[in-house]
Amino acid sequence: MALIQVKNLKRTYRMGDEIVRALAGVSVDIDAGECVSITGASGSGKSTFMHLLGCLDRPSDGTYHLGGQLVSSCTDRQLAKIRNSQIGFVFQTFNLINRTTAVDNVAVPLIYGRERKTHDKAMAALERVGLAHRGKHTPSEMSGGERQRVAIARAIVNNPAVVLADEPTGNLDTRTGAQILEIFHRLHQSGTTIILVTHEMAVAAQTLRLIHMTDGLIDVDKAITPRMRKELVQSDALAAIRGPEGSVFSQAS
Ligand code: ADP
Ligand code: MG
């Protein structure tokens with residue numbers, strides 16, 4: 001059974017008299033150990049989908065199984081537990097507590113989980129992102145790239161099965177972004193399932209499977225071949241995906 005099984009997932013928002021269909025019925029399976037990118041125009045539902053996968057929100061309809069468990073019908077309390085133990089979430093804007101040291105930021109999920117030796121475990125997670133020497137510094141004393149590394153350390157401190165990252169390099173320059181992607185590569189190599197949202201095709205090209213969303217639906221879902229990878233890096237995003245006749249993207253997967 002796939003690690004993530006999503007069937008006809010929907011999320012609607014009510015805005016006054018209007019109903020916004022942010023997610024219009026998404027079905028997808030993602031296996032343990034995959035490395036997937038999710039792309040799509042702004043407003044296509046990427047963040048809505050990630051928040052559902054991360055148990056930060058509930059679907060309006062449809063089902064979501066994580067590790068065989070039907071999380072779409074869990075209580076808030078159960079969801080909080082799943083979020084804390086099985087999922088690491090990385091945000092574009094880092095979402096760290098600014099006046100708290102890096103090591104204490106990383107320890108937050110451990111404290112929620114009532115773990116012991118929180119300091120040592122948090123330091124080990126900082127070590128994994130190459131920031132052990134900055135443990136006593138606060139985010140306000142750090143660069144954007146360092147802050148995102150702290151946020152990744154916090155996301156992985158409980159050794160989650162899946163790490164979800166929503167535009168993790170969106171606030172970083174290209175070089176710093178590349179260092180962050182390198183960390184995701186290493187996590188993937190060590191067996192963690194990675195799902196990352198990006199609107200940069202050069203970033204998506206570094207994953208092994210591309211999911212593209214339009215208007216709250218998945219309209220492309222395919223493995224990234226070496227040829228496709230080259231095309232993604234060279235050409236412009238949407239043109240490459242929609243592609244002219246004969247483009248690798250217009251072939252069935
Ligand atoms: P993306 O991350 O691809 O830019 P989002 O998932 O953030 O897209 O948004 C999808 C659609 O849902 C957009 O039309 C957006 O305006 C709408 N939306 C997202 N969050 C909310 C919300 N909390 N309330 C109302 N509408 C929302
Ligand atoms: Mg978004």
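Computed from heavy atoms alone, side chains included, the values below leave out hydrogens, waters and symmetry copies. Remember, it's 1-based here, ligands and their atoms both numbered in the order they're listed.
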Pair Gln179-Leu172, side-chain contact (heavy atoms from CB on, under 4.5 Å): steps then yes or no: CA-CA 10 Å; Gln179 291 166 356; Leu172 305 174; over 6 Å; no
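- Of all heavy-atom pairs between Lys121 and Leu110, the closest is CB-CD1, 3.6 Å.
- Two residues are said to be in side-chain contact when any heavy atoms from C-beta on lie closer than 4.5 Å; Asn105 and Pro139 meet this criterion.
- Among protein residues, Tyr13, Met15, Val20, Ala22, Ala41, Ser42, Gly43, Ser44, Gly45, Lys46, Ser47, Thr48 come within 4.0 Å of ligand 1, judged on heavy atoms.
- Within the structure, ring pair (Phe, Tyr, Trp, His ring centres under 6.0 Å) contacts touching residues 64-110 (residues at least two apart or in different chains) are His51-Phe89, Phe89-Phe91.
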Candidate pair Asp76 and Arg58, rule salt bridge (charged side-chain N to carboxylate O under 4.0 Å, His left out), full reasoning: CA-CA 10 Å; Asp76 284 350; Arg58 285 170 184 288; 2.8 Å; yes
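- Taking backbone and side-chain atoms together, Ser47 has an N/O/S atom less than 2.8 Å away from the Mg ion (ligand 2).
- Each of Leu232, Val36, Leu208 was scored for a side-chain contact (heavy atoms from CB on, under 4.5 Å) with Ile224, with one residue passing: Leu232.
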